[in-house]
Protein chains: 2
Amino acid sequence: MSHSVSLCLMAVDREHVLTEAAALLTRRSTTSMDEIARAAGISRATLHRHFAGRDALIRALEEHGIERFARAMDAARLDDGDAAGALRRLVREAEPVAGVLAFLFTENQLFESGTVNAGWARLDARLTALFRRGQEEGDFRVDLSSAWLTEAFYGLLGAGAWAVHEGRVARNDLDHSIAELLLGGIRRSMEK
Amino acid sequence: MSHSVSLCLMAVDREHVLTEAAALLTRRSTTSMDEIARAAGISRATLHRHFAGRDALIRALEEHGIERFARAMDAARLDDGDAAGALRRLVREAEPVAGVLAFLFTENQLFESGTVNAGWARLDARLTALFRRGQEEGDFRVDLSSAWLTEAFYGLLGAGAWAVHEGRVARNDLDHSIAELLLGGIRRSMEK
DNA sequence: AAAGAATGAGACGGTCATGTCTCATTCGGT
DNA sequence: ACCGAATGAGACATGACCGTCTCATTCTTT
């Protein structure tokens, strides 16, 4: 019975292909299947054997990105300690996924088929819950809606990933830059 | 001599076409020339008569967006008063251009022809100068580079425009949401 | 070594958007 | 009313990409 073996190999390939695809598509969202296949070191035929089509590939990438981001949330332990610390941890953990996330966001708009992955709602809910917790604990300001804070989080994460990719921000500074700007804003303040 | 008249009409059409094109392309960056033409109320042939091709249309859109953003900067009087106030004014003035700007950013990546419009550098310079002024006047924190603040500004502006378009943030709150988050951050602070 | 699965290479047809062209029509100025 | 410019409608060729297929080759397993 070679099922388990072949499935295992396919899984490995799948992971690798998705990684390469993400790297290319975040840079240029119109990358062709041929380029993706070549970057992944496989032929276009094999790529089509693993993913029914470009659509399916994007969907798989979406699933993968959602799962990675969910894992980042797990690793950040959003419910532990104060909300600010949790947010800092989340930024650090989510940074590697930022590029894919940004791509999926803009791409989701392209999919006007209406079938949005339910995973997004779960992620949004967890993120919104974090902001709301910070507000309820008196740590975060309440004049900015948690929905907007969620959007802003994604926006800054994407902008940061892009800035690093363009060489305008050092990767080492990224966590600090994003988290500090989000938490403290631009203005200099004496306390806190 | 009917030159002046015809040129005038073409200019009017051009403006209108660019507006419609911007509206469509910000929503879906792969909108076809046909759709753009129909939205602008002209035929595809006429669209091609005004703009040499899709490429030229995007370039014209870029020029238009850059000029609008430059005008927003003028209107915001970046050099007047304290930097925070100037930033607030800029957010307010730049909000209508946010969607186009966001589109042009992601699209510029698609143009890997290397020929980036020099106008971007001028905008970046003015924006960076504002942040630097705030830092030098002791108003803005100095542990975040002005380059990063510039990127973050674009990122938040784009995220805000998107959030409004998706109905997650009220348009009336947008200026306040962006400016306040940028200036003060998420955290609640007693002073300032 | 043999059998079977997976892969690579490439051909093929189909779709879609683009860019160019022509021709009839309409609009505007004189 | 007339004439020229601008437009609309549509045909046409081109090119890119996609999805599918076949066939030879390579590897994996037994």
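Using modelled atom types, one finds a donor on one side chain and an acceptor on the other under 3.5 Å when comparing B/T150 with B/T128.
An OP1 or OP2 oxygen of D/dT7 is reached within less than 4.0 angstrom by no side-chain nitrogen or oxygen of B/T46.
Note: A/F105 and A/Y154 have perpendicular aromatic rings, judged against thresholds of 30 and 60 degrees for the angle between ring planes.
Regarding A/R14, its CZ atom lies at a distance of 15 Å from the P atom of C/dA6, rounded to whole Å. Rounding to whole angstrom units, NE2 of residue B/H50 and P of D/dA6 are separated by 9 Å. As rounded to whole Å, 9 Å separates atom P of C/dG8 from atom CG of A/D13.
The nearest pair of heavy atoms linking A/L144 to B/E180 is CD2-CB, 4.3 Å. When every heavy atom of A/L61 is checked against every heavy atom of A/L18, the shortest pair comes out as CD1-O, 3.4 Å.
The cluster map of Ile, Leu, Val, Met, Phe, Trp and Tyr, joined by side-chain heavy atoms under 4.5 Å apart, puts B/W162 and B/L181 in different clusters.
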Short N/O separations, protein against nucleotides 17-22 of chain C, under 3.5 angstrom:
residue: C/dT18; atom: OP1; partner: B/M33; partner atom: N; Å: 2.9
residue: C/dT18; atom: OP1; partner: B/R54; partner atom: NH1; Å: 3.1
residue: C/dT18; atom: OP2; partner: B/M33; partner atom: N; Å: 3.2
residue: C/dG19; atom: OP2; partner: B/H48; partner atom: NE2; Å: 3.2
residue: C/dG19; atom: OP2; partner: B/R54; partner atom: N; Å: 3.0
residue: C/dG19; atom: N7; partner: B/R44; partner atom: NH1; Å: 3.1
residue: C/dG19; atom: O6; partner: B/R44; partner atom: NH2; Å: 3.0

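For B/E20 (side chain) and B/A37 (main-chain N/O), no donor-acceptor pair under 3.5 Å exists by modelled atom type.
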